[in-house]
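Notes for the one structure printed next.
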2 protein chains.
Amino acid sequence: MKLKEFARQLGLSPTTVSRALGGYPEVNEKTRKRVAEEAVRLGYRPNINAVRLVTGRAGAIGVVMGRTGEFHFAEFMSGMAERLDGEDIDILVSPTTDRDSTDEIPIYSRLATSGRVDAVIVHSPKPNDERIALLNDLGFPFLVHGRSETEVPHAWLDIDNEGAVRRATSHLLDLGHKRIVMINGPAGRTFSLHRDKGYRDALQERGVAFDPRLVAHGHFTDELGFRLARSYLEQSPRPTAFVAGSMMTVLGVYRAVRSRGLVIGRDISVIAHDDVFPYLTPENMIPSLSATRSSMRAAGARSADLVLQLLGGRPASEIHELWPVELILRESTGPAPTEVRI
Amino acid sequence: MKLKEFARQLGLSPTTVSRALGGYPEVNEKTRKRVAEEAVRLGYRPNINAVRLVTGRAGAIGVVMGRTGEFHFAEFMSGMAERLDGEDIDILVSPTTDRDSTDEIPIYSRLATSGRVDAVIVHSPKPNDERIALLNDLGFPFLVHGRSETEVPHAWLDIDNEGAVRRATSHLLDLGHKRIVMINGPAGRTFSLHRDKGYRDALQERGVAFDPRLVAHGHFTDELGFRLARSYLEQSPRPTAFVAGSMMTVLGVYRAVRSRGLVIGRDISVIAHDDVFPYLTPENMIPSLSATRSSMRAAGARSADLVLQLLGGRPASEIHELWPVELILRESTGPAPTEVRI
DNA sequence: AAGCTGTTTTAAAGCGCTTTGGTTAAATGT
DNA sequence: ACATTTAACCAAAGCGCTTTAAAACAGCTT
């Protein structure tokens, strides 16, 4: 059913019907009501593509899905979806199989110029991120999930990675740990750098020398957590604590510790970052896992919200949100063992 | 830059330019080449929404993202993205916070009638799925990922869940296990029913009585795996083997077994279904996990492919794919312990 | 040289909607 | 009673493209 036919059946002009449905004031309240009811009854829905053409709005927010870290991504998107439910805005996912953000440039470029989306979300930026530069050059609305150090003014939402790791590390230091390993995210991303900084600052505050060999970078996989933890545990002197970048990483760390016959929370303390997944929770681990916590889903929901504000005209330079991160202590952290033998 | 202006600059009519870009035969090869080059040089891109309006095609495939099982979902979508890379087709994600597929009816209805997508993918159907009935009634193209028992002809892609579980269970029976617990997916979904059937058939083949209390249903979470396994292990006689529905479930099962001081692969055998995630792999578990394996990512890629075929005119009734599932034996399965004490 | 054929290009219609710039009818003011 | 305002509705333009139907052009015949 087209607008014209629908309007004819109502005995109204297309103009009035369109306005009634659009909620414009110059339509009699009774008429509006009638139109709304009949639209439901007769199943009339405006052709979205016609609307998009004529309004110039795409009614969609774009995200680029990379090969790695999909479990975070799904949770973030799910949060976006939650917020966008009811709005007439879709989420459009663009594929990329590439690992480096530079390779994503053509994708963002296409997304920004093709008119399929009204805004895009940029994930895990680097300090000097090409994608941000590009989108700014194109004058295309975007929100950065994470932070960058670029001069370019832009909207962003980030969690306090630095503070999270600083607190986690400080807590371990307070417990007497000296050799603390950090298994961080991929090198080069701002969030990894922030975590590095939080780690180093905590050491410095407590006057513990920074040993770069205790910090590793890589993707958030169970395997990497295992392999790295395993090799660290073979070193002498042995580390007594781990800070792990994700829930997947920490699965591997737990396994590595156990496989060496060590006890988590006694021989080895562990803190991880928890993005709050419905299917894998730190309190259920054995021993329950001390974690810095920040809901990825909530970040997704808020990001969608901020993008909506951005599209509503709020200046990008005004949209900056830094979320604090909780540190939740459970059983995986304990006093450093007084004597470390190998 | 609009078509009109671009054509003017080339000294051609909009018609010719449109055809050149669209690859129609009635354009001189030289002209086409010139148009293509200039389009790149001048940065001309057809307005996608105008194209969509005039062609009536949306250039997108819809998927509905539920609240649960997001880790599977992301992997599936990632596969779709892989296949769709290069095609001018997007993935459109519609949110739902509901748990039951009946609640998704309005979402599918909206998706199908709004012209935003050319086809949708239906996940985890029930034997008599309302969504399939709806989409069929609407005459809207769709592919089912999973199977249904409806009379309605439709395209589907599924893995052999029944065969997978039958083989897993048979293998455990061959090893001498008698009390085999199955932690299955949500009740009511066809794939869960198929797995139930595979389990029962295996028992029957070997002449082992079916005990319904040994089969549990629920979402694929670490916590459920733990809670259920924990409570089964307290029973007497104790089960000697578990078939777990997902990698998350099995994490909980492993933990439960260990927390009882039992050894996996010796006291308790475990087989799980592995959807092949880049961040969590059965071979890395300790002990390494015997699993039925089928790549969710590959299913996503193939699904996208089949949807493209569907849109290309291939009849839905012709599109049925049942993928075999490998059983890969590792260390988590072993002979049933001869004597089971509690 | 006119007719015919096949190739290449173009003018113009129209996809389904929103919105500008009206018109008409009713309400209000003088 | 007439002018003026306000409320309610409408005709038609136009968003940027594809595609139908027709025109222009070139290459051959006869």
Side-chain angles (χ1 to χ4, degrees), chain A residues 1-39 42-60 88-90 110 112-118 311, chain B residues 1-36 38-39 42-60 88-90 110-118 311:
Chain A
M1 165 113 50
K2 323 279 167 83
L3 171 59
K4 205 171 152 189
E5 167 62 11
F6 178 54
R8 205 189 52 71
Q9 291 201 21
L10 286 175
L12 289 168
S13 73
T15 310
T16 305
V17 172
S18 171
R19 285 187 160 146
L21 258 24
Y24 283 72
E26 56 271 76
V27 174
N28 190 309
E29 195 46 49
K30 276 178 209 157
T31 312
R32 179 199 317 293
K33 220 170 165 181
R34 188 163 71 93
V35 171
E37 279 163 9
E38 290 293 285
L42 299 173
Y44 169 72
R45 317 217 48 183
N47 177 308
I48 190 85
N49 294 318
V51 173
R52 285 171 174 175
L53 173 58
V54 75
T55 60
R57 268 175 274 115
D88 212 35
I89 308 256
D90 302 310
R110 166 173 167 279
T113 57
S114 69
R116 299 163 203 259
V117 293
D118 296 316
L311 293 175
Chain B
M1 164 112 52
K2 322 282 168 77
L3 172 59
K4 206 172 152 189
E5 167 62 11
F6 177 57
R8 204 189 52 70
Q9 291 201 23
L10 286 175
L12 288 169
S13 74
T15 310
T16 305
V17 172
S18 171
R19 284 186 164 151
L21 258 26
Y24 282 72
E26 56 270 75
V27 175
N28 191 307
E29 195 46 50
K30 277 178 208 157
T31 314
R32 179 201 315 295
K33 222 171 166 181
R34 188 163 72 94
V35 171
E38 291 292 284
L42 299 173
Y44 168 73
R45 315 217 48 183
N47 177 309
I48 188 88
N49 293 319
V51 173
R52 285 171 173 175
L53 173 58
V54 74
T55 61
R57 268 175 272 115
D88 213 36
I89 308 255
D90 302 310
R110 166 173 167 279
L111 223 39
T113 57
S114 70
R116 290 161 211 263
V117 293
D118 296 315
L311 294 175

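Proteins get letters first, then strands, A, B, ... in listed order; numbering begins at 1 in each.
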Sugar-phosphate only, base, or nothing, as touched by A:F6 at under 4.0 Å among non-hydrogen atoms: nothing
Under 4.0 angstrom between A:Y44 side-chain N/O and C:dG16 OP1 or OP2: no
Validation row: A:D88, B:R110 side chains within 4.5 angstrom (heavy atoms): yes
Nearest-neighbour nucleotide for the B:V54 side chain, D:dT18, D:dC9, C:dT9 considered: D:dT18
Rounded interatomic separation in angstrom, taking CG from B:L53 and P from D:dG16: 12 Å
Side-chain donor/acceptor contact of B:T15 with base of C:dA11 under 3.5 Å: yes
Between CG on residue A:D90 and CZ on residue A:R116, distance to nearest 0.5 Å: 13.5 Å
Sugar-phosphate, base or nothing in reach of A:R45, heavy atoms under 4.0 Å: sugar-phosphate
B:R57 CZ: over 12 foreign heavy atoms closer than 6.0 Å: no
Integer-rounded Å distance: C:dT19 P and A:L21 CG: 13 Å
Backbone N/O of B:G115 and side chain of A:N49: donor-acceptor pair under 3.5 Å: yes
Integer-rounded Å distance: D:dT18 C1' and B:K4 NZ: 16 Å
Spacing of A:E29 atom CD relative to D:dC9 atom C1', expressed in whole Å: 15 Å
Any A:Y24 side-chain N or O less than 4.0 Å from OP1/OP2 of C:dT19: yes
B:M1 CE - D:dC17 P separation (whole Å): 11 Å
A:N28 CG - C:dA27 P separation (whole Å): 12 Å
Contact under 4.0 Å: A:T16 side-chain N or O vs D:dC10 OP1/OP2: yes
Partner of A:R32 by side chain to side chain contact (heavy atoms under 4.5 Å, CB included), out of A:T16, A:L21, A:V27: A:V27
Candidate nucleotides C:dC17, C:dT9, D:dT18, ranked by approach to the side chain of B:L3 - the nearest: D:dT18
Residue B:K2, side-chain atoms from C-beta onward, closest of D:dC17, C:dC17, D:dC9: D:dC17
Nearest to side-chain heavy atoms of A:S13, which nucleotide of D:dG16, C:dT9, D:dA11: D:dA11
N/O (side chain, A:S18) to phosphate O (OP1/OP2, C:dC17) under 4.0 Å: no
For atom CZ of A:R57 and atom C1' of D:dG16, their distance in whole Å: 17 Å
B:V51 backbone acceptor or donor facing B:T55 side chain under 3.5 Å: yes
Whole-Å gap separating P (C:dT8) and NZ (B:K30): 10 Å
DNA chain D: 5'-proximal contact among B:A50 and A:P14 (nearest heavy atom): A:P14
Under 4.0 angstrom between B:N47 side-chain N/O and D:dC17 OP1 or OP2: no
Donor-acceptor pair (no angle test) under 3.5 Å: B:R19 side chain, C:dT10 base: yes
